[in-house]
Amino acid sequence: MEQIIKDFVKEMFAISNIPHHEFAAPCSNYEWLDFGFRTKILGISNSRLNPLLNRRFMELPSHTILYCTDIFQFHYIFMRNPDSDHIYCIGPVIYERTGASFYDELFDSLHIPKELWEPIRSHYSNVKYIPYLGMLDDFTSLCANRIFGKGNYTIRHKDEKEFPDWSWIYQNYLRVPDEPYMNIRHIEDRYETENALMKAVSSGNEALAVECANHFFSYRIPQRLSNHLRDDRDLCITLNTILRKSAEHAGVHPIHIDSFSNGNIQQIERLASAEQLLLFRIKMVKGYCRLVAKYTLKDYSLPIQKAITYISTDLTADLSLKSLANQVNVNASYLSTLFKKEVGVPLTEYVNRNRIEYSKTLLSGTDLAIKTIAIYSGIPDIQYFTRMFKRITGMTPKAYRTQSCRN
C-alpha cells in the first residue's frame, strides 16, 4: 500500500512537471531542496545548513500539510508519510512572474550584492512558475486524501517571519566583506523599525504595532548562542524589555507594567519551540498596546496620575477624597477641582464607576455571590452597592448577571 501511495504522489506531480522529492530526516544533504541555490550561489556550507533544516523537518507532525515560503519567495509543501519517517516535499515553485519589478524588490529588500544578481536571475529561470494557485492546492489535497484519508489532516502556513532558521542563515551569508556599508544599512533599518514599533506601542495603536512588529521580526538577528531555543527565548525577553519601556514612556505606572512584564517572562520560559515564541511575541505586542490604552496617564498632571494609580491598584482601599489627597500630598479641595478639570468627572464618581465596572466583570465571569462581589469591588454595603449599580448601569446586579449568561 505504501508503495502505491508513493507512486501516486510521484505521478500526480510529474504530470505537471512540479518538483517533488521524498526524503527522510535527518538528511545529510539538502542541495536538492532548492537546486543548490543556498550552497552553490550563496555559498552556505552543508555543515551549517543541515542541522537547522533537520531540526525543523524532524519536528514536522504527521497528518499535517505544511505550506512554507522562504525570504526568496520559494514556496514549498511538506507532508510526512504516517506509515514511515519519510517526508514528501513539493517545490520549490514560485507564484509570481520574475520580471524586472520582482528582481528590483527582491534585491533591494534583501540587500543582494550586484555580483549575485545574474546568478540569481539564472537560477530563478529554472524554478517552476505556477500561475494558478488553486491547481497546486487541488493536487496537494488529492495526495493528502490518499495519504491520510479524506479530511483527516490539518493545514498550516508558515512564512519567513514564522520560520526563523529558514531565513536568518541566508542574511548572514549575504554579508559581503568588500561592502561593509551594506551591513550597516541592514542594522540601521532594523533599529529604525524597532523605534517605529516602540512609538506605535507608546501610542496604544495595536494595528500599527503589529504591522511594525511583523516588519521587525523579518530582520533576522544573528544567533548568539549554540542553543537555538535559549537564544530565541533571550530575544523574546529583550523584546519584552523594549515594550516595557515603551509603555512606561506612554505614562503607564510601573505597578501595572511590572505585573504584566513578570507574567510574560514566566510564560517565555515555559514555551517549548521557536514557533510558540514567535506567536507569543505578537501576543506580547498586543498586550502592551492594550496596557497603554487602559492605563496611560501621560496627559494628566502628576497629582492626578498618582490618584488614578491608587484607584486602579486597589478598589477595596479607602478611596475617599480626603484619603487620596493625603496619599498624593495635596489639599483635598485642590485635588477635587483638579480631578474634575482633567478627568471630566468628580473623583468620587470616577471611583464608583471603576468599582461598578469591576463588579460587572465578576458578575459575568464568576459564580461568586453578589454580596461577595460587592465586597471585592470596595462597596461592602450590599444595599448601597445595588442602588449604585442600578444608577450607573440601569439594572440590578442580578438582572445584569442573568443578561450576561444569555449572551
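Owing to the predicted nature of the structure, the values given are computational and were not obtained by experimental measurement. Numbering starts at 1 and runs along the sequence shown. Hydrogens, waters and symmetry mates play no part in the numbers below; they use all other heavy atoms, side chains included.
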Check your understanding: Is there a side chain to side chain contact (heavy atoms under 4.5 Å, CB included) between Cys27 and Trp32 once you walk through the steps?
Key -> CA-CA 11 Å; Cys27 184; Trp32 53 266; 4.1 Å; yes

Point to revise | Audit row: Tyr103, Trp117, ring-ring contact (aromatic ring centres under 6.0 Å, His included) steps and yes/no | key: CA-CA 8 Å; Tyr103 290 119; Trp117 288 5; 9.6 Å; no

Exercise for review: Determine, step by step, whether Ser246 and Tyr288 satisfy the side chain to side chain contact (heavy atoms under 4.5 Å, CB included) criterion, reporting the C-alpha distance in whole Å, the side-chain angles of both residues, the deciding distance to 0.1 Å, and the verdict.
Suggested key: CA-CA 8 Å; Ser246 301; Tyr288 273 106; over 6 Å; no

Practice item. Decide yes or no on side chain to side chain contact (heavy atoms under 4.5 Å, CB included) for Ser141 and Tyr153, but give the supporting numbers first. Key: CA-CA 10 Å; Ser141 296; Tyr153 54 86; 4.1 Å; yes

**Study point:** CA sep, side-chain torsions, deciding dist, call: Tyr129, Arg97, side chain to side chain contact (heavy atoms under 4.5 Å, CB included)
**Key:** CA-CA 7 Å; Tyr129 163 62; Arg97 288 195 181 276; 3.5 Å; yes

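Atom CD of Gln267 is separated from atom CZ of Phe280 by 4.0 Å, given to the nearest 0.5 angstrom. Considering OG1 of Thr396 and CG of Leu363, their distance stands at 9.5 Å, rounded to 0.5 Å. Separating the CD1 atom in Ile237 from the CD1 atom in Ile265 is a distance of 4.5 Å, to the nearest 0.5 Å. To the nearest 0.5 Å, atom NZ of residue Lys294 and atom SG of residue Cys289 are 15.0 Å apart. Interatomic distance, Leu347 CG to Lys340 NZ, rounded to the nearest 0.5 Å: 12.0 Å. Here Ser261 contributes atom OG and Gln266 contributes atom CD; the two are 10.0 Å apart, rounded to the nearest 0.5 Å.
At distances below 3.5 Å, not a single donor-acceptor pair connects side-chain atoms of Tyr295 with backbone N or O atoms of Ile257. Checking side-chain atoms of Gln327 against main-chain N and O of Tyr310 turns up no donor-acceptor pair under 3.5 Å. Put simply, the side chain of Gln276 gets close to the backbone of Ala272: a donor and an acceptor are under 3.5 Å apart. Under the 3.5 Å distance criterion, the side-chain polar atoms of Arg80 are left unmatched by any main-chain donor or acceptor of Thr64. In this structure a side-chain-to-backbone donor-acceptor pair under 3.5 Å is present from Thr386 to Ile382. Checked by atom type and distance alone, the side chain of Ser377 never pairs as donor or acceptor with a backbone atom of Ile379 at under 3.5 Å. Counting only distance, with no hydrogens or angles, the side chain of Ser336 and the backbone of Ser333 share no donor-acceptor pair below 3.5 Å. A donor-acceptor contact shorter than 3.5 Å links the side chain of Thr309 to the backbone of Gln305.
Residues Leu362 and Thr372 have side chains not in contact (no heavy-atom distance under 4.5 Å, counting atoms from C-beta outward). Considering only heavy atoms from C-beta on, Arg121 stays 4.5 Å or farther from Thr98 through its side chain. Residues Tyr358 and Asn354 have side chains not in contact (no heavy-atom distance under 4.5 Å, counting atoms from C-beta outward). Taking 4.5 Å as the limit, every side-chain heavy atom of Arg401 sits out of range of all side-chain heavy atoms of Lys398. Looking only at side-chain heavy atoms (C-beta outward), Val127 and Phe37 stay at 4.5 Å or farther from each other.
Each of Leu208, Leu243, Ile242 was compared with Val201 under the side-chain contact (heavy atoms from CB on, under 4.5 Å) criterion, and only Leu243 meets it. When each of Leu279, Leu277, Asn240 is tested with Met284 by the rule side-chain contact (heavy atoms from CB on, under 4.5 Å), just one qualifies, namely Asn240.
Of all heavy-atom pairs spanning Asn126 and Ser122, the tightest one is ND2-O, 3.5 Å. For Arg233 against Ile268, the heavy-atom pair with the smallest separation is NE-O, 3.5 Å. Residues His86 and Ala24 approach most closely at CD2-CB, 4.0 Å, considering heavy atoms.
For His21, the NE2 atom is densely surrounded, since the number of other residues' heavy atoms within 6.0 Å is greater than 12. By the neighbour-count criterion of 12 heavy atoms within 6.0 Å, atom CG of Asn329 is sparsely surrounded, having that number or fewer from other residues, nucleotides or ligands. Heavy-atom neighbours of Asn331 CG from other residues, nucleotides or ligands within 6.0 Å: above the threshold of 12. Within 6.0 Å of CD in Glu105 there are 12 or fewer heavy atoms belonging to other residues, nucleotides or ligands. Atom CD of Gln383 has 12 or fewer neighbouring heavy atoms from other residues, nucleotides or ligands inside a 6.0 Å radius.
Ring geometry for Phe74 versus His123: interplanar angle of 30 to 60°, hence tilted. Ring pair Phe57/Phe78 is tilted by interplanar angle, where 30° to 60° counts as tilted.
Ion pairing between Arg353 and Glu349 holds under the 4.0 Å rule for side-chain N and carboxylate O.
Val343 is linked by a side chain to side chain contact (heavy atoms under 4.5 Å, CB included) to Tyr300, Ile304, Ile308, Phe339, Val345, Tyr350, counting only residues two or more places apart in sequence or in another chain.
Residue pairs meeting the salt bridge (Lys or Arg N to Asp or Glu O under 4.0 Å) criterion with at least one partner in residues 305-328, sequence neighbours excluded, are absent.
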